[in-house]
Amino acid sequence: MTRSKGMAAAFAAMALLTAQSALAQGYPEREITMIVPFSAGGPTDTVGRLIAEKMSADLGQQIIVENVGGAGGTVGAAQAAGAEPDGYTILLHHIGMATSATLYRELPYDTLNSFEYVGLVTEVPMTIVSRKDLEPTDFASLLAYVKENADTITMANAGIGAASHLCGMLFMQATETPLVTVPYKGTGPAMTELVGGQIDIMCDQTTGTAEQIKGGTIKAYAVTTSERLEIFPDLPTAQESGLADFEIGVWHGIYTPKGTPAEVNDRLAAALQKALADPDVVAKMGELGTKPSSAEEATPAALKTKLEAEIARWKPVIEAAGVYAD
Ligand code: ASP
């Protein structure tokens, strides 16, 4: 590079930094859109709306949730990746951000290079549930029933890349029983059909199932964490019920489009940390079987580390299952 070209590049970089920090200083000046890549009324949406309300109070601007469901969360993630990197579009996504990186042969974005990080939000247990009149009464009898009725039983999920898809995939692998799956744009609408008896079984976050289980509108067989849950002490873990190593926790994080200034991500992280410490959020999450991430986890660095580790963790599992979306 010639001296004048080098200087021009340096000036351009300085101008960009100045523009970015000017943007960050007054941020936020207007409402922010939070993309939730699943349907309204589902568990990811529930987490998003809870956090959005409290973050809005701290930021002094409304965070409006926009549900962009489809293709296991990848449609919403693609929309966020293509948005202006100005802090006015943020994405709340879950473990699917990591699994879709392997599940999809091609994605309309680059998982590790199309986003900046704000922080972790929560890690939510899953439950294996059915319509309330499904015959089996416990997890052992469900396993036998699933094997006997593999051709007719239907399992809902929110598309390839969704947590419900991952859980279903592991369930089929562990039971060596392929099932008919029915994809929705989110497990909110799937839950409506489960309650209505149009679908047989599903695996979904407690943020979507806890109230239905408590209300007796669906039947619960097992939880996907290694420990039983405080809210459902009688519900066994899948591990203790015979599926060794069966464990999923659905961690959620907030991302921004690549190029969003660090000051903006840090401001969002500060608002997130405050929201997660809010007693209402702690209480509501507790009722739903989860708890907020700590202040140390609700940081850009912690989310980046988590995403990288989780891509590496699930890659061999998905490759072994041989499940891919084209
Ligand atoms: N629980 C869903 C999933 O399977 C997504 C949702 O609708 O929140 O990932």
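Numbering of ligands and ligand atoms starts at 1, following listing order. Starting from 1, each residue takes its place in the sequence as its number.
Counting heavy atoms closer than 4.0 Å to ligand 1, residue H165 contributes nothing at all.
For the pair D204 and ligand 1, a heavy-atom separation below 4.0 Å is found. Assignment of G96 to the shell around ligand 1 is not supported, since no heavy atom sits closer than 4.0 Å.
Within ligand 1, counting atoms from 1 as listed, the ones closer than 4.0 Å to a heavy atom of A158 are 3 (C), 4 (O). Atoms of ligand 1 lying under 4.0 Å from at least one heavy atom of Q205, given by number and element, are 1 (N), 2 (C), 3 (C). Set against the non-hydrogen atoms of G186, the atoms of ligand 1 under 4.0 Å away are 7 (O). Near H94, with a cut-off below 4.0 Å to any heavy atom, the atoms of ligand 1 are 3 (C), 9 (O). Every atom of ligand 1 is numbered from 1 in the order shown, and the set under 4.0 Å from a heavy atom of T44 is 5 (C), 6 (C), 8 (O). Interface atoms of ligand 1 facing S164, defined by a heavy-atom separation under 4.0 Å, are 3 (C), 4 (O), 9 (O).
Side-chain contact between Q212 and V195: present, with at least one pair of heavy atoms (C-beta onward) separated by less than 4.5 Å.
Within 6.0 Å of the CD atom in E53, the count of heavy atoms belonging to other residues, nucleotides or ligands does not exceed 12. For E135, the CD atom is loosely surrounded, since the number of other residues' heavy atoms within 6.0 Å does not exceed 12.
We find the CG-CD distance between L120 and Q273 to be 11.0 Å, quoted to the nearest 0.5 Å.
Residue-to-ligand polar distances keep D45 apart from ligand 1: every N/O pair is separated by 3.5 Å or more. At a 3.5 angstrom cut-off on N or O pairs, A163 counts as close to ligand 1.
In the hydrophobic clustering of ILVMFWY residues, with side-chain heavy atoms under 4.5 Å counting as a link, M169 and V182 come out apart. Hydrophobic clustering (side-chain heavy atoms under 4.5 Å, transitive across Ile, Leu, Val, Met, Phe, Trp, Tyr) keeps L103 apart from Y184.
A donor-acceptor contact shorter than 3.5 Å is absent between the side chain of Y117 and the backbone of T256.
In terms of protein heavy-atom proximity, atom 2 (C) of ligand 1 is closest to T187 OG1, 3.2 Å.
The aromatic rings of F38 and H93 lie perpendicular to each other, with more than 60° between the two planes, well past the 30° mark.
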